[in-house]
Structures are given as structure tokens and as C-alpha cells.
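Being a predicted model, the structure only gives us computed values, none of them experimental.
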Amino acid sequence: MSRYTAADIEAKWQQAWDEAGIFTAKRDPNRPKYYVLEMFPYPSGRIHMGHVRNYTMGDVISRYKSSCGFSVLHPMGWDAFGMPAENAAMAQGGHPGTWTYDNIKTMKGQMKPLGLSIDWSREFATCDPEYYGQQQAMFLDFMDKGLVYRKNATVNWDPVDMTVLANEQVIDGCGWRSGAPVERRDLTQWFFKISDYSGELLDALDDLENWPEKVRTMQANWIGKSKGLQFAFERTDGGAPIEVYTTRPDTLMGASFVGISPDNPLAKELEAKNADIAAFNAECRRMGTSAAEMEKAEKKGLDTGLTVKHPLDPNWELPVWIANFILMDYGTGAVFACPAHDQRDLDFARKYGLPVRDTFVALDDPKPVENEAFVPMKSERVKWLDHFAGLDEATGDEAVAATIAFVENAGWGKGVEQFRLRDWGLSRQRYWGCPIPVVHCDDCGVVPEKKENLPIKLPFDEGGKPIDFSIPGNPLDRNPDWRNCACPSCGKPAQRETDTMDTFVDSSWYYARFTSPGATTPTDLAEAEYWMNVDQYIGGIEHAILHLLYSRFFARAMNITGHLPDKATEPFNALFTQGMVTHAIYKNAERTDEHGRAIYHYPEEVEERDGVMVVAATGENVTVIPSAKMSKSKNNVVDPVNIINAFGADTARWFVLSDSPPERDVEWTASGAEAAHKHLSRVWMLCDRIGEMDDTPGQGPTQADDELLRDMHKAIHDVTMGIESFGFNAAIAKLYGFTNTLAKSKAGKAAKRQAIMTLAQLMSPMTPHLAEDIWAHQGGEGLVALAPWPKADEAMLIDDTVTLPIQINGKRRAEISVPKDMDKAEVEKLALSQEAVIKVLDGNTPKKVIVVPGRIVNVVV
RNA sequence: GCCCGCGUGGUGGAAUGGUAGACACAAGAGACUUAAAAUCUCUGGGCCGAGAGGCCGUGCCGGUUCGAGUCCGGCCGCGGGUACCA
């Protein structure tokens, strides 16, 4: 008997697939196409289990669809621009490009042995000039269509390193390297007008039926359509009125104060004349720009001394406060606060001794607000205290509508539709990104670069020497060789834009580029017409909002600029969000680094001693944080290469698909891989045994044959359904079951041979190498990868008898075995005649008997 | 803070509103073996009981239903996102 040695058979079959060229996508007018895409990876250095899981899922779909007769496109590339490459260059010298391309080479080398059915001829990296040059061309087309503009925006500024920080680089309000408190600073930045599409991006979500509901909900909430009232408060000092936007105009009689953002132009105007206000605003600005940080910060405010008139009562004056929780980006950057019906406003009012006035009370419990704001659902009816539009009892929704109508009629405000979605700021003051292809000319202003001058490539030197990335800031900014250029319009000396693009731009159209990766225009329309849309997109839930929303916007922008056909305005027909591979984090419990931040240890560095986890080398105690996202910065990334080397790719693939449902996070444990390998060995040896069986010709089909083949057809059915519905773990569970049936079966050689070949086919999307080997061993024709997917015989799926549980008042008391088509009355009679049933009934007459055919009998007493 | 998920044995998990724990892992017992490994067989939610069997049980509390892990409401815990991580 031979042994299962994955290393030999995997190399052999990968070579066979390569030679047959079966993964090269070809336009085929005679076959329907299927485009399966997994979110492309960031080349961080090494692949991790999350990648293996993600690409194996895509591979299962790809191979399955191919067997079903589709012409499949399954490409792979690299999301290659971004901060880590610059950080690496900063930390250890070298060039971000070198680091990135080295990583790509390593990771591709690690992916190849997995035997994925990828068309590698279409591979590209977003940092290839051929790719980002086309991106620059599209940027110019977007400019032409008015989808690009410049405005001021706030960034995190590190005053020591003199550089812009990403939110992730702001830790507890301080720069990650310098440790200096960050400041908010305004810069002129480039923006995409995604807000032009707010309504459409929202409405079109309804049609994305094959997207997870949760993703659609998250996007809808992010776009955040609201209907509210915009109006102005007159200032008592005669200054410019303060425009506010509110979604609860019905609570105007409960107004306590007007709050403005520290970034509101009025706040900025006041700080010039008032040292206290300047100090308060400066304090507010000593905080990162992230919404989470602002919302979680202690709510603080400062009375400006200004007052405004209440629009409904000229004698009623409200104070104007600057408050750190009011966002300049949303609405008008100013609100009126109604503490009685908003918890945050109430906390603020109590803290600063501002009035709290109820505008409505609950119908059943009309008590005034104290320390808990009364915030009922807008659909709940409440009692209004002194509503100016004459309401008595009404819901919040009715009151809002009535108020807007009243105010519009009175002429001092208007109902407006507002979106939370902001325009997409794409400027980055960094080197390792796609240069924005515009030129600043003293005479002509901002001028688009000429298309024939594209790509505007990133420089690799400055002043003839390699770029020094250890200096903070953007190397493009301080590089005159690169910066100085001729104005594309007038030809005079001018300066290049030194901002590069957000890396989300790169990933917003790569799916379209895969349809024609070598084209000298962003896309080749004929190719896009054939291959688009992506039929199945697979990626992490962490991309539910930004990446997917930006891609949806981009597809629309590419459509109106002629780079995608109309049918591709929603580029992803179906979306599946797989869970993350998680692993415990080991945090040093005894010390921190020189900046006072946590130290994380690799799984290999820790061990258990006397029931507690410690660092093996030092004996320091370790805090174990279970089930955290694998992340380089937390040192909890598991390397799949060891698994592949020890057991083979099929084992790794089988393991990541089994046990956990694909959409759920999976905690990595080492023990499962060995079990997967054992099982594959068992299948291999089963194949060997069947090959050595004696033929027994002349004998007709036995009952054992029939039983085996029935289970085979059930396996075909279950595995097919499992793959179609992303229930890979369920498909694998059935394959375990079928393997056990086959191993124990007394069937003859012909039936067993048919069963093992079908088993190989059903396993082929998950363990393609092993499947090919079994197929060849049993004399199958050609490659199993090219064999048509088996079809289940419906007649073989139906059992003649079914087992029905009998419940009495919802508790299971007995079961009966009946023919599957026995009618209800007979089932009922049989059920009631069961000894156990009679015993439990104890002479009582059943009130009702519910018979669900093929399912259950429930007797109600 | 806000938005979106998730929570079932020792572990991963299964279950169109219809027998909770399929299929695995780890564990225990047995077979084979001089022995070990490998392989094979069996056992397995908790409590009570010699057994037959009974009671309890899907994070917590309540509701809808003949019937709830599944649907609804309120909590608790964990995770993702929060616009410059990708």
C-alpha cells in the first residue's frame, strides 16, 4: 500500500494544470462567463491564514463554476501603495518600491503552492506605472466632468515631525513617533464629488439583492439621508446670523443654547479678539480628527458671550456656546441644543447649568425630564406641551413634518434633505501613492497635466542620490528635480502637485482593470462588456463601507467618462463577506516600550508555566486577549507556510474551509490541521483499497450498492447546495459522512469505484490535487478539473420512510417510522396509539393534534 | 459615543419556526502490537437514578407561537467600522 505524500502529487498536478493552461481566462462566445474576485491583498510581506481562507473560498467557487461550464475569470493582483512601505523605508532604509516588490515576490511564492486556479497572466500591482498612469488619465477625465475639486480640510499635524499623520498614527492624541500632542490644521486638499451620488448610491442599495443585508444597512446609515429644517438665529449684536440644521425642529421650544463647532468660521472670528476663546479652540484642536476620538472625548464647551434671538419669541435670548462635539463637516457646523430630548445635550446642560425645558411628555407617564433625556421613537405618540404649530398629541415624525410646514409658511426657514456622506478627500501628503497629475502655474493656476505626459512617475532619486525616507514629511515636496516642470498650458516654469492619491482610489477600479490589464487606456470596453460585472466578490467585512462605497462611486464615474458600460454601474453582482482569522494576542503585562505603549509577543515567544502564560525568554507575565483580528502590529499573525510544508496545500485548504462557517471569524488553532491531514490520508488509502478490490462480474446490483449510491447522490446534492450557498463547512461535513459510508460499505467494486470518483469530483474544488490523483488512479478520463460537475438523481434523494418525532405540549415523547406519503389522519391515529403517548396523556383527550408532514407531530393537551 | 454584527457541550461548530448538539477536534475505554506510533471500534451537554426513565439546558430577562437556538422587546459581553491602516 502506498502512502499519501502531498508534496509529490501537488507539484505534479500544478504542472499539469499549467501545461494545459486551464486557468487562463478566455472570451468564449459559446459559454456563459463567470467573474470571481477576492479582494486583492496588501503586500505586507508574508501571507497569513486570512489570505489562505479568502483565496481558497474564491478558488472553490472558481473551480466549481468552471466545472459547471462557465468561462471563468479569476485574477489576482496587489494593492501595493500605502503607508507600511514608507514606514519600512523610514525604519530600515531602502526604497518603498523595493520593499513592496520584494514582498510581492515572496507572497506570490507562498501563494503558488496553494494550487489556486488563478489566471496569473493578468497580475498587476497598483504601484506599476502602467496601472497608476491609467488612474491618472481617469483622474483627468473625472476633472473634465466636474467630479474633482479642491477645498480646505482638517488634518492631524505633528508639530515636531512637521508632517501629516494618519488617524492610526495618532495615539492618545499624540504623534506615534514624536510623542508630541497633535494639532488640527487646515490644508487645501483634493476631493471627489461622491456627494453628487448620495441619493443614487443609497437608492441603488435596494437592488443589490445578493449583498449581505448588514452591508447594505451599514452603507445606508453611512450615507445617512435625513430630512430636517435649516434656519438662522438672529444675533442680538447684529452680527451675521448663525445658520443651523436640525432633524428635530419640533423641539425648538425646548431650545437651551446654540452650539457651534470650534472650526465654525464664527468661532475662528471670535478667537482673534478673545483670548479665552482662542485658548479653548486651541485645546479642542489639540485632538485627532477622528470621529471616534471626538465623540468619546469629554464633552466641553465655552460660553462665547454672544446671544441670539429665539425665532418664535424675540424676547427669548439664547446663549451661544462653542462645543467640542459639534462637527464642522456635518450640516452647518452649528446646532441648537434641546437637553430634554437629547442625552448628550442634557449632560452638557447639567454640567454648565443651562436650562432644561420639556417640549413633550409620554402619554402614560407625563413626568418632566431630570437626568435622563426623554427620547422616544419618532413613531411613538407623545403629548406636546406648548407646540407652536398647535399640536396636542402626535408622533415625532408628524411633529417634524408639521413644524417644517409651519416654518416654511412663516418664511424663516426651509425643509432640506441632508446627507451625512461627505465628499471623498483623496489628497495624501505622502510619497508612496499615485501622483495627482496636475501642475500649479503662477499664471494659469491649477492646470491638468497633458495625457501624453502620463504616467507622472514617482522619482527614485533626489539630486542624484537615493531619497532619504528617514526625514519626516513628503519627499516629493522637497524634491525640486521632480517638482519643477513646464506648465502644460503656457509652457512657463511651474510646479507639480506633490499630493498623492488615497490608496482607496487604487482599489476602486482594479476589478475593471483585470478585464484588460494590458490596455493602453484604463479599460478596453469590449473586454469590460464581456467580463463585467464581478459575479462573486469575496472579502472582509471590514471593507463593508469605505472600499465598497468608493468602488460603487468609481464605477459610476467611470461610466460617465466612458470607461465602463452602463451595466457595470454596480460592479459587484454578489458579495460575500468572510470572517476574519483571529488569534489570541499576548500583551506584556509587566512593561511597556519607551513611549509607554504596549508590547506584544509572538505566539512562539510565549509558553504556559504553572497555568499562566509567560514570555519564555524572560518569564514576564503575559495578558492573553483572545480572538483578536490578526494584525502585524499586534504580532499575532500565524504563518501558513509551515502548515503547507508539513502537510501540503490540500490539507491547509481543507482545514480553513472546515469547521467554521465562512462568514464567521475563526480562531486559529494548530490541532485542526493534523486532523485534516489524517482525513485526506484516509481518503487516499480508501482509493488505493478500492483499486485493489476484485471485480465480481455477473452479479447484479446489491442492496449495499443501492445504499451506497443513494448516499452518493445525497452527497452530490448536499455538497452542491453547500458550495452554491457558501456553506463550505456544511459541504465538508457531508463529505466526511459520505467518506465514512463508503469506507464501511459492503458494495461491489463497480459501485465503490463510482462512489470514490464522485467523491474525488466533489472534493476537487477544495482539495484539487488529491482529487486529480484519485481520478487518475481510478482511470478517469482527462483532468478532473475539466470534468463536468456531477448531477444528483432526484429519485435517489427521496427516502421511502421518514421518522417523525411526537411531541406532547412541545416536549418530545416518542417517535414513529412511517411511509413518507402517509396521510395526516393516519399519522395522527398511529401517533395517538403509541404506548408512550397513551402513558403521558394519562386518559386526557388531546385538544388539538398538529401534523406537519415529514416533520413532526405535536399533541396539545 | 454612534452604526453593524456575533454569543449553542471541554473546543470548532450543525439545526427551511418542527427530535438542540450533525460533522469534526480534544478526552476516555477497548482491539491490533513485545512496545510505541499509526490504524480500527466504542463512549461522550448537565443533574438525579442501579436501571427504565425523569428534570434542566442554546449569554441574561421578558414576549409571540401548538412549538423558539431561530421571530419581537429590553439588558450584558465580545468583535468590525467610524471617513488618512488596508
- [ ] Examine B:G13: is either OP1 or OP2 under 4.0 Å from a nitrogen or oxygen in the side chain of A:Ser660? Give yes or no.
- [x] yes

Open item on the list: Under 4.0 Å, heavy atoms only, any strand: does A:Lys734 hit a base, just the sugar-phosphate, or nothing?
Closed with: nothing

Open item on the list: Suppose we call a contact any N or O donor and acceptor under 3.5 Å apart; does that hold for the side chain of A:Gln169 and the base of B:C84?
Closed with: no

- [ ] Tell me what A:Glu86 touches on the nucleic acid: a base, only sugar-phosphate, or nothing, going by heavy atoms under 4.0 Å.
- [x] nothing

- [ ] Can you figure out which of B:A83, B:U19, B:C84 approaches the side chain of A:Gln429 most closely?
- [x] B:C84

Open item on the list: Using a heavy-atom cut-off of 4.0 Å across all strands, would you classify A:Val849 as base, sugar-phosphate, or nothing?
Closed with: nothing

TODO: Could you state the atom-to-atom distance from CE of A:Met218 to C1' of B:G79 in whole Å?
DONE: 12 Å

Task: Distance in angstrom units between A:Trp432 CH2 and B:A86 C1', rounded - done: 16 Å

- [ ] Could you check whether A:Pro41 gets within reach of a base, just the sugar-phosphate, or nothing at all, counting any heavy atom under 4.0 Å?
- [x] nothing

Open item on the list: What contact category does A:Trp424 fall into here, base, sugar-phosphate, or nothing, at under 4.0 angstrom with non-hydrogen atoms?
Closed with: nothing

TODO: Counting heavy atoms from C-beta on, name the nucleotide in B:A83, B:G13, B:A86 closest to the side chain of A:Arg420.
DONE: B:A83

TODO: Compare side-chain N and O positions of A:Thr503 against OP1 and OP2 of B:A86 and report whether any pair is under 4.0 Å apart.
DONE: yes

Open item on the list: When you measure from the side-chain N and O atoms of A:Arg682 to the phosphate of B:C40, is any distance below 4.0 Å, counting only OP1 and OP2?
Closed with: yes

- [ ] Keeping the roles fixed (side chain from A:Asp423, backbone from A:Ser195), state whether a donor-acceptor pair exists under 3.5 Å.
- [x] yes

Open item on the list: Heavy atoms only, 4.0 Å cut-off, all strands: where does A:Val170 land among base, sugar-phosphate and nothing?
Closed with: nothing

- [ ] Describe the nucleic acid contact of A:Lys299 in one word from base, sugar-phosphate, nothing, applying a heavy-atom distance below 4.0 Å.
- [x] nothing

Task: Nucleotide nearest A:Ala675 when distance is taken to its side chain, options B:C25, B:A86, B:G1 - done: B:C25

TODO: Please tell me which of the listed nucleotides, B:C6, B:G1, B:A86, lies nearest to the side chain of A:Ala292?
DONE: B:G1

Task: Below 4.0 Å: OP1/OP2 of B:C84 and any side-chain N or O of A:Arg428 - done: yes

Open item on the list: At 4.0 Å (heavy atoms only), tell me whether A:Leu421 reaches a base, stays on the sugar-phosphate, or touches nothing.
Closed with: base

- [ ] May I ask you to say what A:Ser658 touches in the nucleic acid, namely base, sugar-phosphate or nothing, with a heavy-atom cut-off under 4.0 Å?
- [x] nothing

TODO: Verify whether one side chain among A:Arg552 and A:Gln219 offers a donor that lies under 3.5 Å from an acceptor in the other.
DONE: yes

Task: Presence of A:Arg813 side-chain N/O under 4.0 Å of B:G54 phosphate oxygens OP1/OP2 - done: yes

Open item on the list: What's A:Gly540 touching, base or sugar-phosphate or nothing? Going by heavy atoms closer than 4.0 Å.
Closed with: nothing

TODO: Indicate, with a heavy-atom threshold strictly under 4.0 Å, whether A:Lys214 touches base, sugar-phosphate, or nothing.
DONE: sugar-phosphate

TODO: Choose from B:A86, B:C4, B:C84 the nucleotide whose nearest atom is closest to any side-chain atom of A:Thr217.
DONE: B:C4

Open item on the list: Categorize A:Lys839 for me: base, sugar-phosphate, or nothing, with a 4.0 angstrom heavy-atom threshold over every strand shown.
Closed with: nothing

Task: Other residues, nucleotides, ligands: >12 heavy atoms within 6.0 Å of A:Lys746 NZ - done: no

Task: Ion pair A:Asp196/A:Lys193, N-O distance below 4.0 Å - done: yes

Task: RNA chain B: 5'-proximal contact among A:Arg812 and A:Ile850 (nearest heavy atom) - done: A:Arg812

Open item on the list: Looking at A:Asn858 and B:C66, is any side-chain donor or acceptor paired with a base atom of the opposite kind under 3.5 Å?
Closed with: yes

Open item on the list: Give me the distance, rounded to whole Å, that separates B:C2 from B:C72 when you measure between the C1' atoms they each carry.
Closed with: 24 Å

Task: Separation between CE of A:Met287 and CD of A:Glu293, rounded to the nearest 0.5 Å - done: 6.5 Å

Task: P-based separation of B:U41 from B:G51 [nearest Å] - done: 28 Å

- [ ] Using distance alone, with no hydrogens and no angle criterion, decide if A:Asn167 and A:Ser290 have a side-chain donor and acceptor under 3.5 Å apart.
- [x] no

Open item on the list: What's the closest nucleotide to the side chain of A:Tyr42 if the choices are B:G80, B:A86, B:C25?
Closed with: B:A86

- [ ] State which of B:C84, B:U39, B:A86 makes the closest approach to the side chain of A:Lys678.
- [x] B:U39

TODO: Answer with base, sugar-phosphate or nothing: what part of the nucleic acid does A:Asn740 contact at a heavy-atom distance below 4.0 Å?
DONE: sugar-phosphate

TODO: Taking Watson-Crick and G-U wobble pairs with both distances under 3.5 Å, convert RNA chain B into its dot-bracket string, 5' to 3', dots for unpaired and | for cross-strand pairs.
DONE: (((((((..(((.....[....))).(((((.......))))).((((....))))..(((((..]....))))))))))))....

Open item on the list: For the backbone of A:Met501 and the side chain of A:Arg428, can you confirm whether one donor and one acceptor N or O come within less than 3.5 Å of each other?
Closed with: no

Task: Side chain of A:Asp659 - closest among B:A83, B:A24, B:G1 - done: B:A24

Open item on the list: To the nearest 0.5 Å, what is the distance between CD1 on A:Ile171 and CH2 on A:Trp176?
Closed with: 8.0 Å

TODO: Give A:His679 one of three labels, base, sugar-phosphate or nothing, depending on what nucleic acid heavy atoms sit under 4.0 Å from its own.
DONE: nothing

Task: Contact under 4.0 Å: A:Asn809 side-chain N or O vs B:C66 OP1/OP2 - done: no

TODO: Could you measure between the two C1' atoms, the one in B:A20 and the one in B:G9, and give it in whole Å?
DONE: 11 Å

Open item on the list: What is the separation between atom CE on A:Met49 and atom P on B:G12, rounded to the nearest whole Å?
Closed with: 17 Å

TODO: Check A:Arg813, A:Gln834, A:Glu815 against A:Ile806 for a side chain to side chain contact (heavy atoms under 4.5 Å, CB included) and give me the one that passes.
DONE: A:Gln834

Open item on the list: With rounding to the closest Å, how many angstrom separate the P atoms on B:G67 and B:A15?
Closed with: 24 Å

Open item on the list: Please determine whether a side-chain nitrogen or oxygen atom of A:Lys811 lies at a distance below 4.0 Å from atom OP1 or OP2 of B:G57.
Closed with: no

Task: Candidate nucleotides B:A86, B:G1, B:A24, ranked by approach to the side chain of A:Glu295 - the nearest - done: B:G1

- [ ] Could you tell me whether A:Asp711 and A:Lys734 make a salt bridge, using a distance below 4.0 angstrom between a side-chain N and a carboxylate O?
- [x] yes

TODO: Specify the residue among A:Leu165 and A:Val859 whose closest nucleotide of RNA chain B lies further upstream toward the 5′ end.
DONE: A:Val859

Task: A:Tyr197 side-chain N/O to A:Phe554 backbone N/O, donor-acceptor pair under 3.5 Å - done: no

Task: Check: A:Asp158/A:Ser178 side-chain N/O donor and acceptor closer than 3.5 Å - done: yes

TODO: Report the distance from atom NZ of A:Lys744 to atom P of B:U41, rounded to the nearest whole Å.
DONE: 6 Å

- [ ] Between B:C4, B:A83, B:A86, spot the one nearest the side chain of A:Arg422, thanks.
- [x] B:A83

Task: Whole-Å C1' distance, B:C66 and B:G73 - done: 23 Å

Task: Anti versus syn assignment for B:G9, with syn defined as within 90° of 0 - done: syn

- [ ] Report yes if a side-chain nitrogen or oxygen of A:Asn221 is closer than 4.0 Å to either non-bridging phosphate oxygen (OP1 or OP2) of B:C2; otherwise report no.
- [x] no

Open item on the list: Distance check needed: B:G67 C1' versus A:Ile808 CD1, whole Å only.
Closed with: 14 Å

Open item on the list: Would you say A:Arg664 places a side-chain N or O within less than 4.0 Å of OP1 or OP2 belonging to B:G7?
Closed with: yes

Open item on the list: Let's test your reading of the model: under 3.5 Å, does the base of B:C6 pair with the side chain of A:Glu663 as donor and acceptor?
Closed with: no

